[in-house]
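Keep in mind that the numbers below use all heavy atoms, side chains included, and drop hydrogens, waters and symmetry copies. Values in this document were obtained by computation on a predicted structure and should not be read as measured data.
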Amino acid sequence: MSTEEQSIDETNSSESRAQDHEQEEQDEELRLLLLPDVSSLPQTPPSAVESNFVSYFALDFMKPGHDQYIYRHANGLCVIGLAPSHIAFKDAGGITAVDFNVGKSDRSEFKVTGKRKKNAQHFESNTALCKISTSNDSFIVRCCVKGSLLEVNQQLIKQPDLLNTAADREGYIAIIMPKPADWLKIKASLVEHQEYKKLRQVS
């Protein structure tokens, strides 16, 4: 082999090694992207609520201890329910009954239809949604946000215990769609999750 041929071989070999090294670096970068550092991952994966909603809380709404949550979806829908610090949970035995027959109508009987949500009832933030009962007392749960009531959780009528076991998920009370302007007004009076945890000293 001539010196020139040897030089070409060495050059090709050097370029090949450089390409291999570059490919290895790219593979490593891709691996790090696909497999994040385990130590940086949360101990528990985020729930569907944490992934899709922003959590707000109405504290002492209308009465002391009447704490409720409002989970707001990116599309504007608000899921309403009882915050962990709601006074009803302090009663021994928890919540025993849910009654949507409040005010002048039974909230569980109305139906909305179609994309435009025809027949939706428009409520103020202080409108009663339902009455919840414990063995010792009863409490009124309110809308917290002004808007159109799209749905109440009828499961709670037959399974009130959902409020004791899964109030932040299957035990939600209702779904309301506020107008953007109305949402901005009420948002100013709400607290976000971190502040809520600090104020109510809940985990």
Side-chain angles (χ1 to χ4, degrees), residues 49 53-73 76-112 117 119-179 182-193 195-197 199-202:
V49 168
F53 295 82
V54 178
S55 302
Y56 296 92
F57 294 83
L59 304 184
D60 300 322
F61 196 79
M62 305 288 288
K63 285 186 177 181
H66 286 231
D67 295 351
Q68 293 180 226
Y69 67 71
I70 299 99
Y71 295 154
R72 188 168 193 268
H73 195 273
L77 284 177
C78 291
V79 179
I80 312 297
L82 300 186
S85 52
H86 193 284
I87 192 169
F89 294 126
K90 295 188 168 87
D91 261 17
I95 293 158
T96 55
V98 178
D99 185 3
F100 286 102
N101 191 3
V102 289
K104 296 177 181 176
S105 64
D106 187 338
R107 311 290 189 224
S108 65
E109 288 183 350
F110 86 98
K111 297 282 186 292
V112 296
K117 307 300 180 191
N119 308 325
Q121 299 178 46
H122 303 283
F123 290 151
E124 297 295 322
S125 59
N126 62 354
T127 303
L129 276 172
C130 66
K131 181 174 76 173
I132 56 174
S133 300
T134 64
S135 54
N136 301 311
D137 212 340
S138 62
F139 309 89
I140 296 295
V141 179
R142 301 182 187 275
C143 292
C144 289
V145 295
K146 180 182 179 181
S148 303
L149 179 62
L150 302 185
E151 175 188 311
V152 297
N153 186 359
Q154 298 194 31
Q155 268 190 297
L156 297 178
I157 299 169
K158 291 182 179 177
Q159 296 175 271
D161 195 52
L162 282 173
L163 283 169
N164 301 315
T165 59
D168 59 336
R169 300 185 305 280
E170 296 91 340
Y172 73 94
I173 301 286
I175 298 174
I176 294 175
M177 174 62 93
K179 291 178 180 176
D182 290 330
W183 167 250
L184 289 175
K185 285 179 191 172
I186 193 69
K187 183 184 173 186
S189 67
L190 305 175
V191 300
E192 292 194 29
H193 200 193
E195 189 180 354
Y196 165 74
K197 289 199 292 188
L199 290 170
R200 288 298 190 249
Q201 297 181 340
V202 295

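In this structure, Ile87 and Phe139 approach most closely via the heavy-atom pair CG2-CE2, 3.4 Å. The heavy-atom pair separating Glu170 from Gln155 by the smallest distance is O-OE1, 4.5 Å. Here the closest heavy-atom approach between residue Ser135 and residue Ala92 is recorded as OG-O, 3.5 Å.
Taking 4.5 Å as the limit, every side-chain heavy atom of Phe53 sits out of range of all side-chain heavy atoms of Arg72. In this structure, the side chains of His122 and Ser148 come closer than 4.5 Å at one or more pairs of heavy atoms. Considering only heavy atoms from C-beta on, Trp183 comes within 4.5 Å of Cys78 through its side chain. Under the 4.5 Å side-chain criterion, counting only non-hydrogen atoms from C-beta, Ile95 is not in contact with Ser133. The side-chain heavy atoms of Val98 and Leu163, taken from C-beta on, include a pair separated by under 4.5 Å. Here the side chains of Phe100 and Ile157 are in contact, with some heavy-atom distance below 4.5 Å. Phe123 is not listed as a side-chain neighbour of Ile176, based on a closest heavy-atom distance of 4.5 Å or more.
One distance of note links CG of Asn153 with CG of Leu162; it measures 7.0 Å at 0.5 Å rounding. Distance check, rounded to the nearest 0.5 Å: CD1 of Ile132 to CD1 of Ile140 gives 9.0 Å. Atoms CZ and CG, from Phe61 and Asn126 in turn, are 6.5 Å apart once rounded to the nearest 0.5 Å. The line from SG of Cys130 to CD1 of Ile80 is 11.5 Å long, rounded to the nearest 0.5 Å. Within the model, atoms CE of Met177 and NZ of Lys146 stand 15.5 Å from one another, a figure rounded to the nearest 0.5 Å.
Among residues two or more places apart in sequence or in another chain, the side-chain hydrogen bond (donor to acceptor under 3.5 Å, both in side chains) test is passed with Tyr172 by Glu151.
Applying the salt bridge (Lys or Arg N to Asp or Glu O under 4.0 Å) test to every pair with at least one member in residues 58-69, sequence neighbours left out, gives these pairs: Asp60-Arg200, Asp67-Arg200.
Using cut-offs of 30° and 60° on the angle between ring planes, the pair His86 and His66 is tilted.
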request  = Evaluate the side chain to side chain contact (heavy atoms under 4.5 Å, CB included) criterion for residues Thr134 and Phe89: first the C-alpha distance (whole Å), next the side-chain angles of each, then the deciding distance (0.1 Å), finally the verdict.
outcome  = CA-CA 9 Å; Thr134 64; Phe89 294 126; over 6 Å; no
task = Begin with the C-alpha distance, continue with both residues' side-chain angles, and end with the deciding distance and a verdict on side chain to side chain donor-acceptor pair (under 3.5 Å) for Tyr196 and Ser85.
result = CA-CA 10 Å; Tyr196 165 74; Ser85 52; 2.7 Å; yes
request  = Please step through side chain to side chain contact (heavy atoms under 4.5 Å, CB included) for the pair Asp182 and Val145, ending with a clear verdict.
outcome  = CA-CA 8 Å; Asp182 290 330; Val145 295; over 6 Å; no
query = Under the side chain to side chain contact (heavy atoms under 4.5 Å, CB included) criterion, do Val102 and Leu129 qualify, and how do the steps go?
reply = CA-CA 7 Å; Val102 289; Leu129 276 172; 5.9 Å; no
message = With side chain to side chain contact (heavy atoms under 4.5 Å, CB included) as the criterion, how do Tyr56 and Val191 come out once you've worked through the C-alpha distance, each side chain's angles and the decisive distance to 0.1 Å?
response = CA-CA 6 Å; Tyr56 296 92; Val191 300; over 6 Å; no
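Within a 6.0 Å sphere centred on NZ of Lys131, heavy atoms belonging to other residues, nucleotides or ligands number 12 at most. Within a 6.0 Å radius of NZ in Lys179, no more than 12 heavy atoms belonging to other residues, nucleotides or ligands are found.
Remark: side-chain polar atoms of Thr165 are paired, donor with acceptor, to backbone N or O of Asp161 under 3.5 angstrom.
Of the residues listed (Thr127, Leu149, Ile186, Ile70), the one engaging Cys143 in a side-chain contact (heavy atoms from CB on, under 4.5 Å) is Thr127, and it is the only one.
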